[in-house]
Asker: 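Have a look at this one.
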Amino acid sequence: FFFIHRSNLYVLKINILIFLFLFVISSYFIEGIFFLKKYHFYKTQLEPEIFNAFSDYKVVASLNDKDDLSKHVDFLPLGLIPNYKTKLCYEEGYWAKYISDNYGFRNSKEKWNLKKLDILFLGDSFGISSCVNDEDEMAYLLNKRTRKEVLNLSLSGTGPLRQYATFLEYGKQKKPKKIIWFFYEGNDFHDIDNELASPVLLKYLNDQNYSQDLKNRENEIINFFQKH
């Protein structure tokens with residue numbers, strides 16, 4: 001028989017733990033190197049092609065800069081361009097894209113004809129499922145798996161105050177049974193600080209019956225984004 005002295009066994013255990021620790025750290029280090037190389041490749045070689053792909057789809061930036069929000073006193077769109085071929089992001093090796101509904105949100109147009117609404121989504125890029133196409137979008141999947149009717153009023157780059165205004169403007173009258181609010185502490189506190197500088201958004205905060213009547217101002221909304 002072969003015996004290992006207790007002190008040697010202790011040293012062996014320590015060495016094994018050190019080896020496993022170094023192996024895990026090395027694995028993460030190697031993975032990080034591959035990620036950086038992949039990122040560099042995208043930035044230096046693919047980015048021009050990415051922005052030219054799907055030329056009939058366009059990126060529409062959501063207004064969230066404090067200075068921009070503060071200077072619009074009488075009119076501020078809460079959705080994006082209505083009925084528009086919209087690009088979201090390029091993160092998974094393809095452009096995530098969708099055609100916006102009648103009010104600039106990520107829904108099929110038929111959703112606005114629903115007489116009964118089970119669930120309403122409010123949020124930013126998490127709520128809109130920013131980097132995936134429609135077949136992987138959360139509201140679509142929730143409807144597919146539960147047969148619950150879902151309306152998505154999320155929009156990338158928005159914070160809690162703008163989302164509340166969006167609910168009052170577009171969602172309140174639909175009387176949803178449930179609201180799923182996507183809150184991300186990583187940027188929503190910063191976003192709401194910017195949004196408090198908006199005279200228009202403050203009107204929603206101070207009066208829950210306030211409305212810009214945005215559903216009937218499609219041409220003004222289109223003109224607004226064409227200028228910005």
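Not measured: the values here are computed from a predicted model. Numbering starts at 1 and runs along the sequence shown.
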Asker: Just by distance, do the side chain of N107 and the backbone of N152 share a donor-acceptor pair under 3.5 Å?
Answerer: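 Side chain of N107 to backbone of N152, a donor-acceptor pair under 3.5 Å: yes, one is there.
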Asker: Determine the sole option in K172, Q173, E169 for which the side chain to side chain contact (heavy atoms under 4.5 Å, CB included) test with S211 is passed.
Answerer: E169
Asker: Could you tell me whether the side chain of S130 and the main chain of L88 form a donor-acceptor pair under 3.5 Å?
Answerer: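 Side chain of S130 to backbone of L88, a donor-acceptor pair under 3.5 Å: no, none is there.
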Asker: Could you check if a side-chain atom of W95 sits within less than 4.5 angstrom of a side-chain atom of V59, using non-hydrogen atoms only?
Answerer: yes
Asker: A side-chain contact here means heavy atoms from C-beta on lying under 4.5 Å apart; do E218 and N83 qualify?
Answerer: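 Of all side-chain heavy-atom pairs linking N83 with E218, at least one is under 4.5 Å.
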Asker: Under 3.5 Å, is there a donor-acceptor pair between the N64 and S62 side chains?
Answerer: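 There is no such pair between these side chains.
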Asker: With no hydrogens and no angle check, do the side chains of D101 and W112 hold a donor and an acceptor under 3.5 Å apart?
Answerer: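 Result is yes, a qualifying pair exists.
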Asker: Let me see the working for Q208 and Y164 under side chain to side chain contact (heavy atoms under 4.5 Å, CB included), right down to the final yes or no.
Answerer: CA-CA 10 Å; Q208 65 177 356; Y164 173 67; 3.8 Å; yes
Asker: Please report the closest heavy-atom contact between K85 and I99, naming both atoms and the distance.
Answerer: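 In this case the closest contact between K85 and I99 is CG-CG1, 4.1 Å.
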Asker: For the backbone of K97 and the side chain of N133, can you confirm whether one donor and one acceptor N or O come within less than 3.5 Å of each other?
Answerer: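 Looks like yes, one N/O pair under 3.5 Å.
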Asker: Would a 4.5 Å heavy-atom cut-off, applied to side chains only, mark Y184 and S125 as touching?
Answerer: no
Asker: Which residue pairs satisfy the disulfide bond (SG atoms under 2.5 Å apart) criterion with at least one member in residues 102-189, sequence neighbours excluded?
Answerer: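 Every pair satisfying disulfide bond (SG atoms under 2.5 Å apart) with a residue in residues 102-189: C89-C131.
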Asker: Does the side chain of I119 come within less than 4.5 Å of L142's, by heavy atoms?
Answerer: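 A side-chain contact exists here, since the closest heavy-atom pair is under 4.5 Å.
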Asker: Decide yes or no for L205 and L161: does some side-chain heavy atom of the first lie under 4.5 Å from some side-chain heavy atom of the second?
Answerer: yes
Asker: Quick one: does Q212's side chain have a donor or acceptor within less than 3.5 Å of a partner on L214's backbone?
Answerer: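 Not a single qualifying donor-acceptor pair exists.
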Asker: Group every Ile, Leu, Val, Met, Phe, Trp and Tyr by side-chain heavy-atom contacts under 4.5 Å, then state whether Y140 and L120 land in the same group.
Answerer: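 No, separate clusters.
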Asker: When clusters are formed by joining ILVMFWY residues with side-chain heavy atoms under 4.5 Å apart, either directly or through shared neighbours, do F126 and V132 land in the same one?
Answerer: no
Asker: Shortest non-hydrogen contact from F182 to Q163?
Answerer: O-OE1, 4.4 Å
Asker: Identify the two heavy atoms, one from I128 and one from S156, that lie closest to each other, and give their separation to 0.1 Å.
Answerer: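 It is CG2-OG, 3.6 Å.
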Asker: Check L201 against S198 and note the closest heavy-atom contact, atom names and distance.
Answerer: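 Looking at all heavy atoms of both residues, the shortest contact is N-OG, 3.1 Å.
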Asker: As an exercise, state the distance from CZ of F121 to CD of E137, rounded to the nearest 0.5 Å.
Answerer: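 Atom-to-atom, F121:CZ and E137:CD are 7.0 Å apart.
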Asker: Should Y170 and F105 be marked as a ring pair (Phe, Tyr, Trp, His ring centres under 6.0 Å) after you check the CA-CA gap, both sets of side-chain angles, and the distance that decides it?
Answerer: CA-CA 10 Å; Y170 295 102; F105 297 98; 5.1 Å; yes
Asker: Could you report the tightest heavy-atom contact between L155 and G104, atom names first, then the distance?
Answerer: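 The answer is CD1-O, 4.4 Å.
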Asker: Closer than 3.5 angstrom, by distance alone: can the side chain of N143 be matched with the main-chain N or O of A139 as a donor-acceptor pair?
Answerer: no
Asker: Among the clusters formed by ILVMFWY side chains lying less than 4.5 Å apart, do Y57 and I222 turn up in the same one?
Answerer: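 Each belongs to a different hydrophobic cluster.
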Asker: Any non-hydrogen side-chain atom of F224 less than 4.5 Å from a side-chain atom of I81?
Answerer: no
Asker: Any side-chain heavy atom of I192 within less than 4.5 Å of one from D188?
Answerer: no
Asker: Under a single-linkage definition using a 4.5 Å side-chain heavy-atom cutoff for Ile, Leu, Val, Met, Phe, Trp and Tyr, are L114 and L153 assigned to the same hydrophobic cluster?
Answerer: yes
Asker: Measuring from atom CG of N194 to atom OG1 of T158, what distance do you get when rounded to the nearest 0.5 angstrom?
Answerer: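 So the CG of N194 and the OG1 of T158 are separated by 12.0 Å.
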Asker: Got a second to check how far Y103's OH is from N216's CG, nearest 0.5 Å?
Answerer: 7.5 Å
Asker: Might you point out which heavy atoms bring S100 and K109 nearest each other, and give the distance in Å?
Answerer: O-CE, 4.4 Å
Asker: What distance separates E195 CD from H190 NE2, expressed to the nearest 0.5 Å?
Answerer: 10.0 Å
Asker: Is the closest side-chain heavy-atom distance between D124 and N187 below 4.5 Å?
Answerer: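 They are in contact (side-chain heavy atoms under 4.5 Å apart), so the answer is yes.
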Asker: Counting N and O atoms only, with roles assigned by atom type, does the side chain of R162 sit under 3.5 Å from a partner on the main chain of G157, one being a donor and the other an acceptor?
Answerer: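 Here the side-chain-to-backbone pair does not exist.
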Asker: Which residue in the set K111, K175, K177, K174 passes salt bridge (charged side-chain N to carboxylate O under 4.0 Å, His left out) when paired with D118?
Answerer: K177
Asker: For atom OH of Y210, decide whether the heavy atoms of other residues, nucleotides or ligands shown that lie under 6.0 angstrom number more than 12.
Answerer: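 Yes, OH of Y210 has more than 12 neighbouring heavy atoms, counting only those of other groups under 6.0 Å.
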Asker: Please say yes or no: joined through hydrophobic side-chain contacts below 4.5 Å, possibly via intermediate residues, are I179 and V150 part of one cluster?
Answerer: no
